[in-house]
Every structure is written in structure tokens, then in C-alpha cells.
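Ligands are counted one by one from 1 in listed order, and the atoms in each one are counted from 1 as well. Values in this document were obtained by computation on a predicted structure and should not be read as measured data.
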Amino acid sequence: MIDQSPSPVAYKRVMLKISGEALMGDQGFGLNPPTVARIAQEVKSVHDLGVEICMVIGGGNIFRGLQGSAQGMERTTADYMGMLATVMNALAMQAALEALSIHTRVISAIPMDQVCEPYIRRRAVRHLEKKRVCIFAAGTGNPYFTTDTAATLRANEMACQAIFKGTKVDGVYDKDPAKFADARRYDKVSYDEVLQKHLGVMDASAIALARDNHLPIIVFSLDEPGGFCGILRGEGTYTHVHG
Ligand code: UDP
């Protein structure tokens, strides 16, 4: 029998990467619950389309390793503190999603069994198949990395079809659109151009990992209500980073 059910979205499984700063609202530090709730609502609207969702949330709203090492702290210790910050953000997002009746799992690269699940790849895949949102916490579990790289790594491991990088602007620009009125947005840009022109989509190791595994990156505005869901339906403006 031919399956004639409509396919409203181009993606079956995606990775959503957001920075920790996206959760702090106008506060300048930490977590702003209404902001977390608003992002959870964006995730729900995509979940409602039947898309399987992985998430990685940074920790920059609480602590960044480089910040700690600049203040004289040993880099690896500072990075572990940064990784722990991402666990707090992941738990906040889990609570906000559960308030919307979305089943989630927080899955940590650093085992902390009383708090969340340890990362076991096959188990995480099973959660996704059961339509649970998987929030990958504690980065890669290694210092000297970022959560952009963690998102790219997990997206590859989970066989995501794309990484959706939610930012404050609707794509990648040739210069900062907040500072330059003539900044031009790319509809499409190659991984190599991003690296050569230092376009600041993600850090270089994340871009290289995406490029080497042919994983597209969609850069879009998380501040645009309905933006995430709209792009999955083929609407809205964004930049597609590709090979
Ligand atoms: N971090 C790390 N290894 C990882 C991921 C993150 O050591 O695999 C640390 C690092 O110190 C980083 C911090 O966690 O500064 C928070 O992550 P990130 O800076 O990527 O957060 P974002 O900028 O996305 O909020």
C-alpha cells in the first residue's frame, strides 16, 4: 500500500543548539523563567509536528571556562564548572517542557545518576524514537571544547538531519547587523567560507566536524515567535550552512 499521508516537514530528527545566554532574557546573568518557558513553547510547536528533537544548551549565562581561566583558575577546572552550568540549564528546560506535557530526558556526558541519565547512545536513540525530547548536558564531557562542538557531536551520533542554531538574528551576516546597517545576510554559505571569513556561526571545531560529516547547519532567530516551527515547514528567513 502506498503511504499517502502528507509530510509537512522536511526533517524527521533535528538538533536544536541554543546558547546559555538565550535563557537569561534581559537579566544579564542566570535563568529567566518566562524566557525558558517561551523557548520551551517553540520546542513544543516543533514536537507537535512529529519531529524528533535533540537539544544542547550552553552554559554561558552561568559560567564559561575561559572566563574562569582569565581570572587565574586552572582551565580544566573552569571548564568543568562550565559543563556543570549546562546541566542546570538543561534541568530548567526539562522542567519547562514537562510543564507543557512534553516528555524529556536530560542526558549528561558526565554521569550524575541522582540528577539525570548518563549518556548511552543507543538508549538516547530509543528515547528519540519514543518522541521524548533529549537534552544533552555537560557538553562533550571534556574540557577545551564548547557546547557547539557537543551539539555537532551528538547530532552526528543521533543521526540528526540538521543542526538548528538559534541566535538573536535571523542568520549569518557578513558583519554584525547590530552595528552595521549595510550588513548582508547569507541565504546559503559554505562551511569553508564560514571558516575562512571567521563568520562566527559556531567555533571552528564544530564547523569542521559538521563539514566532515555533511551535517547542515541552519542559523535562525530564536527571538522570532514561531520561527523554529516555521523553518521546519519551509517558511521564514535563515542561513543554510552547507558543503
Ligand atoms: N565546556 C567544556 N566542554 C564541552 C562543552 C562545554 O569544557 O564539551 C565548558 C566550557 O568551559 C564552556 C562552558 O562549558 O565555556 C559553557 O559552554 P559554552 O561556552 O559552549 O556555552 P554557550 O556559549 O553556548 O552558552
**Student:** Who's the nearest protein heavy-atom neighbour of atom 3 (N) of ligand 1, and how far?
**Tutor:** N142 O, 2.6 Å
**Student:** Less than 4.0 Å between a side-chain N and a carboxylate O, is that true for D187 and R185?
**Tutor:** yes
**Student:** Please answer whether the main-chain N or O of K197 pairs with a side-chain N or O of E193 as donor and acceptor at a distance below 3.5 Å.
**Tutor:** no
**Student:** Side chains of S205 and D203: donor-acceptor distance under 3.5 Å anywhere?
**Tutor:** yes
**Student:** Are I135 and V125 linked, directly or through intermediate hydrophobic residues, by side-chain heavy-atom contacts shorter than 4.5 Å (ILVMFWY only)?
**Tutor:** no
**Student:** Just wondering, do R13 and E129 contact through their side chains at under 4.5 Å, heavy atoms?
**Tutor:** yes
**Student:** Among all protein heavy atoms, pick the one closest to atom 13 (C) of ligand 1 and tell me residue, atom and distance.
**Tutor:** G82 CA, 3.6 Å
**Student:** What protein heavy atom sits nearest atom 6 (C) of ligand 1, and how far off is it?
**Tutor:** F145 O, 3.6 Å
**Student:** Classify the contact between I57 and ligand 1 as side chain, backbone, both or neither, using a heavy-atom distance cut-off of under 4.0 Å.
**Tutor:** neither
**Student:** Is it the side chain (CB and beyond), the backbone, both or neither of K17 that lies under 4.0 Å from ligand 1, heavy atoms counted?
**Tutor:** side chain
**Student:** Using atom types as modelled and distance alone, determine if a side-chain donor or acceptor of T147 lies under 3.5 Å from a backbone N or O of A150.
**Tutor:** no
**Student:** I want to confirm something. Looking only at heavy atoms, which of R64, M83, K165 is nearest to atom 19 (O) of ligand 1?
**Tutor:** R64
**Student:** Who's the nearest protein heavy-atom neighbour of atom 17 (O) of ligand 1, and how far?
**Tutor:** T147 CG2, 3.5 Å
**Student:** For atom 11 (O) of ligand 1, find the nearest protein heavy atom and state the residue, atom name and distance (0.1 Å precision).
**Tutor:** D79 OD1, 2.5 Å
**Student:** Starting from atom 15 (O) of ligand 1, what is the nearest protein heavy atom, named by residue and atom, and what distance separates them?
**Tutor:** G65 N, 3.1 Å
**Student:** Among all the protein's non-hydrogen atoms, which is closest to atom 5 (C) of ligand 1, and how far away is it?
**Tutor:** T146 C, 3.4 Å
**Student:** Decide yes or no for E157 and F136: does some side-chain heavy atom of the first lie under 4.5 Å from some side-chain heavy atom of the second?
**Tutor:** no
**Student:** List every atom of ligand 1 that sits less than 4.0 Å from any heavy atom of G59, numbering the atoms from 1 in the order shown and giving each element.
**Tutor:** 16 (C), 17 (O), 21 (O), 22 (P), 25 (O)
